[in-house]
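We use all heavy atoms of the structure for the numbers below, so side chains are in, but hydrogens, waters and symmetry mates are not.
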Amino acid sequence: MFESISAFFQNLINGEFGFYQLWEYFVNLYYAVTKAPDIMNIWAALMKFLDPIYGAVPYIIIILCLIMAFFGKKLMPLLKFIGCFFVGFVCGVYFIGPSLMAIINVPPWVCGLVLAIIAAVLYRFIYYIAYAVAGCYCVYMLCYMGFYMREGVEHTISKSMVCLAIAVGVTVLAFVFRKYIEMAGTAFLGGYLISYTIRCMIFDYKALDWLQDTPWVGAAVITLIVSVPAFIFQYKTRRRY
């Protein structure tokens, strides 16, 4: 997408790498990863293992997502560990494995497993870095697009610095209120994953006639039905200090 790291940061500072570009990048990366031969082989082996109970898999996933939605904050250490392990494994297989095989004959899944273990061990550090970067990026882009991405407004470094200062300040507040953000985040993620599981493995509600023009409504309704009561439950049952 970018010729160099400096080009990426230049586009970021100039507000040219916004939410749409970020979403497009991750969507393209997702499809590229799923089509990679090594990932496909691992996925095929997993599907073969799950084949005897495949009919129950969607409902098992839904139950696990409900547990995450309603008890996400209490399960955060486990969720961070699993998330870092999974991302580390995929990155190891997709990014490092093919490059390393050109030097030594090591199966990509071994690279993925090694990187997954390292990421899982360092999951606390990785999580805090990702939390800070995500918060700072989102606030920066919201400020930049809200204040300066208007027709006839010229980009300047001072405007970027103002947005960056606001982003850093809000990110600090995000760490202060991290407990509640994690409650809301796990509740929302659990609800969204349930809507995605239903659409992909049980019933494609996007095919309904009344959702043809607004296919996102189905996912939004299911997500809200789950996430709102889940967040309220997490908030009501939180530990008081």
Check: Transitively linked via ILVMFWY side-chain contacts under 4.5 Å: Y235 with V176?
Finding: yes
Item checked: Side-chain heavy atoms of M141 within contact of L22, under 4.5 Å -> no
Item checked: Atom pair CG/CG of N105 and L100 - distance to nearest 0.5 Å -> 10.0 Å
Next item on the list: Identify whether V87 and L78 are in the same connected component of the hydrophobic contact network (ILVMFWY, side-chain heavy atoms under 4.5 Å).
Entry: no
Next item on the list: Quick one: do R199 and I222 satisfy side chain to side chain contact (heavy atoms under 4.5 Å, CB included)? Show the steps, please.
Entry: CA-CA 11 Å; R199 180 173 67 83; I222 296 173; over 6 Å; no
Check: Where the side chain of D51 meets the backbone of M47, is there a donor-acceptor pair that is under 3.5 Å apart?
Finding: no
Margin query: Testing the basics here: between A69 and A230, what is the closest heavy-atom pair and its distance to 0.1 Å?
Written below: O-CB, 3.2 Å
Note to self: By the salt bridge (charged side-chain N to carboxylate O under 4.0 Å, His left out) test, which pairs, at least two apart or in different chains, include something from residues 63-87?
What the structure shows: K73-E182
Check: Sequence neighbours excluded, which residues qualify as side chain to side chain donor-acceptor pair (under 3.5 Å) partners of R124?
Finding: none
Next item on the list: Output all residues satisfying ring pair (Phe, Tyr, Trp, His ring centres under 6.0 Å) with Y137, sequence neighbours left out; order by chain, then residue number.
Entry: F19
Checklist line | Close side-chain approach of C111 to V106, heavy-atom, < 4.5 Å | finding: yes
Check: Same cluster for I82 and V33 if Ile/Leu/Val/Met/Phe/Trp/Tyr side chains link at under 4.5 Å?
Finding: no
Notebook entry, point to check: Quick one: does I198's side chain get under 4.5 Å of I62's, heavy atoms only?
Noted result: yes
Next item on the list: Nearest 0.5 Å please: distance from the CD1 atom of I39 over to the CD1 atom of I42.
Entry: 5.0 Å
Next item on the list: Can you sort out the partners of A132 under side chain to side chain contact (heavy atoms under 4.5 Å, CB included), two or more places apart, ordered by chain and number?
Entry: T171, F175
Checklist line | Heavy-atom closest contact (C65 atom, I194 atom, distance) | finding: CB-CG1, 3.4 Å
Notebook entry, point to check: Can you list every ring-ring contact (aromatic ring centres under 6.0 Å, His included) pair that touches residues 46-70, not counting sequence neighbours?
Noted result: F70-F233
Checklist line | For S195 against T223, the heavy-atom pair lying closest together | finding: OG-OG1, 3.6 Å
Next item on the list: Of all the heavy-atom pairs spanning V93 and P98, show the shortest one and how long it is.
Entry: O-CD, 3.2 Å
Check: Got a sec, which pairs hit ring-ring contact (aromatic ring centres under 6.0 Å, His included) with one end in residues 185-230, sequence neighbours left out?
Finding: none
Checklist line | L173 side, atom CG; I181 side, atom CD1 - distance, nearest 0.5 Å | finding: 9.0 Å
Check: In Å and rounded to the nearest 0.5 Å, what is the CG to CD1 distance from L79 to I67?
Finding: 10.5 Å
Check: What distance do I96 atom CD1 and L115 atom CG have between them, rounded to the nearest 0.5 Å?
Finding: 4.5 Å
Checklist line | Rounded distance [0.5 Å steps], CG in L189 versus CE in M68 | finding: 4.0 Å
Note to self: My understanding is that only residues two or more places apart in sequence, or in another chain, count here; which of them pass side chain to side chain donor-acceptor pair (under 3.5 Å) with S227?
What the structure shows: none
Check: Taking it one step at a time, do L142 and C163 satisfy side chain to side chain contact (heavy atoms under 4.5 Å, CB included)?
Finding: CA-CA 9 Å; L142 285 172; C163 293; over 6 Å; no
Next item on the list: Write down the atom of C84, the atom of I126, and the distance for their closest heavy-atom approach.
Entry: SG-CG2, 4.0 Å
Next item on the list: Any pair with a residue in residues 75-113 that passes ring-ring contact (aromatic ring centres under 6.0 Å, His included), sequence neighbours left out, goes on the list, sorted by first then second residue, please.
Entry: none
Next item on the list: Please write out which residues are connected to M40 in a hydrophobic cluster, directly or through intermediates, given that two of Ile, Leu, Val, Met, Phe, Trp, Tyr count as joined at side-chain heavy-atom separations below 4.5 angstrom.
Entry: none
Next item on the list: Check side chain to side chain contact (heavy atoms under 4.5 Å, CB included) between V133 and all other residues, then give those that pass, not counting sequence neighbours.
Entry: I129
Notebook entry, point to check: Does F125 share a hydrophobic cluster with V114, counting links as ILVMFWY side-chain heavy atoms below 4.5 Å and allowing steps through other members?
Noted result: no
Next item on the list: Could you list the residues that satisfy ring pair (Phe, Tyr, Trp, His ring centres under 6.0 Å) with Y127, not counting sequence neighbours?
Entry: Y131
Check: In the single-linkage hydrophobic clustering (I, L, V, M, F, W, Y; side-chain heavy atoms under 4.5 Å), do I232 and L224 co-cluster?
Finding: yes
Notebook entry, point to check: Which pairs with one or both residues in residues 34-50 pass side chain to side chain donor-acceptor pair (under 3.5 Å), sequence neighbours excluded?
Noted result: none
Note to self: Counting C-beta onward and ignoring hydrogens, is there a side-chain heavy-atom pair between C136 and V168 closer than 4.5 Å?
What the structure shows: yes
